[in-house]
Amino acid sequence: MAHWLYKSEPFKWSWDAQVKAGDKGTFWDGVRNHAAKLNLMRMKVGERGFFYHSNEGKEIVGIVEVTREAYPDPTAEAAEPWVVVEIKAVKPLKTPVSLATIKGEPRLADMALMKLSRLSVQPVTEAEWELICTMGGVDPA
DNA sequence: GCCAACGTTGGC
DNA sequence: GCCAACGTTGGC
């Protein structure tokens with residue numbers, strides 16, 4: 001099962017907002033980048049990902065799960081190719097894992113977050129997933 | 001099809 | 001507020 005990382009600026013869409021949306025979840029819109037779009041299209045229902053706050057906080061704060069696979073973005077023009085997926089909040093990290101912490105961990109030096117810092121939806125490898133879950137004080141399963 | 005100019009993102 | 005990274009646009 002693949003894992004993912006979703007970046008959002010808290011003032012636009014925060015972890016708290018995602019939690020309030022409950023099990024019903026919400027669609028993840030606003031992706032206007034082809035690399036991110038390809039990631040959205042690869043997602044399957046039930047796959048989990050990290051929820052990362054950019055700009056403010058700069059830390060991974062929670063875990064979300066895909067509840068609906070890619071479909072056309074309702075906020076885009078009809079002719080445009082953009083898609084959204086739907087996700088719901090699963091649980092917060094006991095200890096948020098900050099960007100500074102990730103930078104200080106050699107085993108995470110190859111993370112997409114380090115190398116492709118502007119990509120808003122990123123893949124996370126199995127090893128990265130387990131390590132960050134452990135650092136965050138939650139069960140990776 | 002190349003590449004310079006420009007806009008946007010996001011860390012600092 | 002600055003600047004680096006990167007995607008996109010548009011002239012040639």
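Quick note on labels: first sequence line is chain A, next is B, and so on, each numbered from 1.
- In this model, the phosphate group of B:dT9 is not approached by any side-chain N or O of A:K12 to a distance below 4.0 Å at OP1 or OP2.
- To the nearest angstrom, P of C:dC6 lies 11 Å from NZ of A:K115.
- Straight-line distance from the CD atom of A:E59 to the C1' atom of B:dC12: 16 Å, rounded to whole Å.
- Straight-line distance from the CG atom of A:N33 to the P atom of C:dA5: 18 Å, rounded to whole Å.
- Look at CD on A:Q122: it is 17 Å from P on C:dA5, rounded to the nearest Å.
- Between A:R118 and A:N33, every side-chain heavy-atom pair lies at or beyond the 4.5 Å cut-off.
- The nearest whole Å value for the distance from the CG atom in A:L119 to the P atom in C:dT8 is 11 Å.
- Looking at A:E86, its side chain never comes within 3.5 Å of a backbone N or O of A:G25 through a donor-acceptor pair.
- Summarising the geometry, the separation between CZ on A:R32 and P on C:dT9 is reported as 13 Å, rounded to the nearest angstrom.
- What separates CD of A:E9 from P of B:dT9 is a distance of 7 Å, to the nearest Å.
- Note on A:K7: a side-chain N or O is less than 4.0 Å away from OP1 or OP2 of B:dG10.
- Within the 4.0 angstrom heavy-atom criterion, only backbone atoms of the sugar-phosphate kind lie near A:L99; the bases stay farther away.
- In this structure, A:N55 and A:R118 both approach DNA chain B, and ranking their closest nucleotides by distance from the 5' end singles out A:R118.
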Donor-acceptor contacts under 3.5 Å from residues 90-97 of chain A side chains, at least two apart:
| residue | atom | partner | partner atom | Å |
| --- | --- | --- | --- | --- |
| A:K94 | NZ | A:G137 | O | 3.1 |

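- Phosphate contact (OP1/OP2 of B:dG11, side-chain N/O of A:Y52, threshold under 4.0 Å): present.
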When you look at A:K12 and A:E9, which way does the salt bridge (Lys or Arg N to Asp or Glu O under 4.0 Å) test go after all the steps? CA-CA 6 Å; A:K12 281 189 192 160; A:E9 300 189 47; 3.7 Å; yes
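- The distance between atom NZ of A:K103 and atom P of B:dG10, rounded to the nearest whole Å, is 14 Å.
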